[in-house]
Amino acid sequence: MNRLAPSRAVRWIIAIVVGAFFAIPMLSTLLYTFRDGDGFSLVHWAALLDPAKTAAYAPIWAGLGNSLVLAAVTVVLVLVLLAPTMILVHLRFPRMRSAFESLVLLPISIPAIVLVVGLAPIYQQIGRALGTGAWTLAFAYGITVLPFAYRAIQASIDAVDIRTLSEAARSLGAGWGTVVLRVIAPNLRSGLLAASLISVAVVLGEFTIASLLNRQVFQTALVVVKNSDAYAASVFTLLALAFAFALLIVIGLAGRARTGKDRS
Amino acid sequence: MTTLTTEGELSRERPSAPDGTEHPAPPRRGASRVAAWLGLAPFAAYIVAFLALPTGLALASGFVDSAGALTFDNLAALGDPVILATFGNSAWLSLLTAVLGAVTGALVCYALLGVPETGTVRTAVDAAAGVFAQFGGVMLAFAFIATIGLKGVVTQLLLAAGIDIFAGGPWIYELPGLILPYVFFQIPLMVITFMPALSGLKPQWAEANLTLGGTRASFWLRIGIPVLAPSFLACTLLLFANAFSSYATAAALASQGSQIVPLQIRTALTSETVLGRENLAGALALGMIVVVGVVMWLYTLIQRQAARWQR
C-alpha cells in the first residue's frame, strides 16, 4: 500500500469509468456471440463442435496449427539462440551489455510493417531454399519477440548472481555446457518460462507479417472466417484473448514467486 | 545498427592472444576468449539476416526503380499531396490516441498505487494490460465491430433508444472508427510503461512535504508532477510511435482504402503501382522509419533523464 495513493472513492471512480471502457467491448462481443435471430442462444458456441461446420472453420484450425508450430519454433529460437547469447554477454562481455540491450530492443522502434517490406524479398529466397512451409516465418517472429523475451530473461539474470554460480561450477571442474545447462539455466527458469510464454502469446497474436507475406496463421484465418461467419470469428476472438490473459497471469505469478524469493 | 557491425567485425578480426598459461578459474584468456567471440556468431548472424538485412532492404528499395537503377523518384512521392495527407492522418490519429491514452493510463496507474503490488487486482490488471496492449490487433477490431459496428450490440441498443450513431455514415470503417480501438490498446500500454515511474515516487517525499507544512495538493503540484513530467512525456511519445506503426487493427477494420501510412504500405505492396510509381512501399517505409525513429530517439533521451528519479 502506498501513502501517495488516492482515496478509496477516487480509486473506485477511476476503476469504474476506465473499467467500463474496457468491459463494454468485451461484454458486447460476448453478447454478440449469443445472438440467434432476434433472441439469444448458445448456437454459435455449439457450432464449434458441430461436424457440419467443420469445413467452414477449417481455415481456423489450419491457421491455429501453423501458429502453434511457429510458436514452438520461435520458443526454440529464444531458448537456443537468445538465452545462451545473453548469458555469454553477461559473463564474458560485460562492457557490451548496454550495446547488446539497445540492439535487441531495436525491433520496438522498427514497425513490423516496415520489416515486412524488406522481408518479402528475403522470404522469396527462403521459399526457394526451404519451401513455403509455415514454420519458416518463425525466423521473422524471433525478431519481433526479441524485446519481450530479452526483458523477461534479463530480469532473471539480474536477480541471480550467475557469475559467482558459473565460477563456482567451473572451479569444481564443470565444462561450459554443464555450467549453462545444469547450473545457470535452472536458476533462470522463471525468466526462461516467462520469455517462452510471452513469445507464444506474441506469435499467436501476430498478423502483420503473416498477412502481408500471404501465410496462413491463426490471425489471418480469423479474418478469412470473419467474412463468412462473423459470429465464429467473435467466439474465437474471445477464446484467444482469454488464452493470452491466462498465459500472462502465469507469467505474472512466476515473476511474483521470483521477487518473493529474493526478499526472503 | 552500429553496435551490430562492430560486433560482427570484432568477432572476425579479434586476434587470438594465447598467453599459454593455465588458469584454474575463469575468466580465462586465449582459446577460451576466441571461443567466447565465436559463441556470439550465431546470434549475430541471425540478427544480420532477419533484422539488419530486411530493414536495410526496406529502406534501400525506396531508392531503386523497377530496373534496379538508383533513383530518387520514389522518394519524391513522399511529397505527393495524397501521401502527405496519409502521413497527416497517421500523425493526428497517433497524437490524439497517444494523449487520450496517456492521460487515462496515468489515472489508472494513480489508482493502482492504492492496491498492493503483489495482490490479485494488480496481477489481473497487469495481465489484461499486456493482452490488450500487445496481442489485441485483429481481435480488438472484431470486438469493436461487435460493439459499435453497423450491427453491433451497443449500436442496436442505442438505435432502440432512438440514437443512430451512424446517421452521418458508417464512420466505423473510416479513419474516425480507428480512434476508439486505438485508445483501447494505448491505455494499457501507458499502464505498463508509466507504472514503474509512478511506483518510483518515494513516500518519504510526501512525508517531507507534510513535515514542512505542505498539503496533498502542494505535494503533487511542487513535487509529484514535476518529477513525473519527463516520464509522462516519454511514455506519450512511445504511445505515439506505437499508434503510428500499428497495422493489424486498422487492416482488420478498414479492409479497403489506405487512410493511414501502414495501410498505404499494404496498398503499395499488394498492387503493382500506386500513384504511377513502383517501389513506393520502400519510400513509405523510409518515411515511417524516420518519423518513428525520431520519436523513439526523443523517448530514449527523455527516459534517460527521467530514470534519475527511479533509483
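The chains referred to below are lettered A, B, ... by the order of the sequence lines, with proteins before strands, and numbering in each begins at 1.
- By number of non-hydrogen pairs under 4.5 angstrom with chain B, the leading residue of A15(A), P111(A), G205(A) is P111(A).
- Of the listed residues (L241(A), L31(A), V116(A)), the greatest number of heavy-atom pairs within a distance under 4.5 Å of chain B belongs to L241(A).
- Proximity to chain A (any heavy atom under 4.5 Å) is shown, for V261(B), by neither the backbone nor the side chain.
- Contact of I148(B) with chain A is not made at all, since no heavy-atom distance falls under 4.5 Å.
- Counting only distance, with no hydrogens or angles, the side chain of E206(A) and the backbone of T208(A) share a donor-acceptor pair below 3.5 Å.
- At a threshold of 4.5 Å between non-hydrogen side-chain atoms, the residues F132(B) and F245(A) do not count as touching.
- Chain B forms the most heavy-atom pairs under 4.5 Å with one residue out of K226(A), R8(A), M26(A), and that residue is K226(A).
- Under the 3.5 Å distance criterion, the side-chain polar atoms of S246(B) are left unmatched by any main-chain donor or acceptor of N242(B).
- The backbone N or O of A168(A) sits less than 3.5 Å from a side-chain atom of S171(A), completing a donor-acceptor pair.
- For F219(B), the part lying under 4.5 angstrom from a heavy atom of chain A is the side chain only.
- Neither the backbone nor the side chain of F244(B) comes within contact range of chain A; no heavy atoms are under 4.5 Å apart.
- Judged by distance alone, the side chain of H44(A) and the main-chain N or O of V235(A) form no donor-acceptor pair under 3.5 Å.
- When the candidates F22(A), F207(A), F21(A) are compared by the number of heavy-atom contacts under 4.5 Å with chain B, F22(A) comes out ahead.
- When the candidates S211(A), G142(A), A240(A) are compared by the number of heavy-atom contacts under 4.5 Å with chain B, G142(A) comes out ahead.
- Closest approach of L238(A) to T33(A), counting heavy atoms only: CD1-CG2, 4.2 Å.
- Put simply, of T29(A), L146(A), I143(A), the one with the most heavy-atom pairs under 4.5 Å next to chain B is I143(A).
- Contact count versus chain A (heavy atoms, under 4.5 Å) is highest, among V295(B), L284(B), I187(B), V154(B), for I187(B).
- Looking at I14(A), the atoms closer than 4.5 Å to chain B (heavy atoms on both sides) all sit in the side chain, from C-beta outward.
- Side-chain contact between E117(B) and M195(B) is absent, with no heavy atoms from C-beta onward closer than 4.5 Å.
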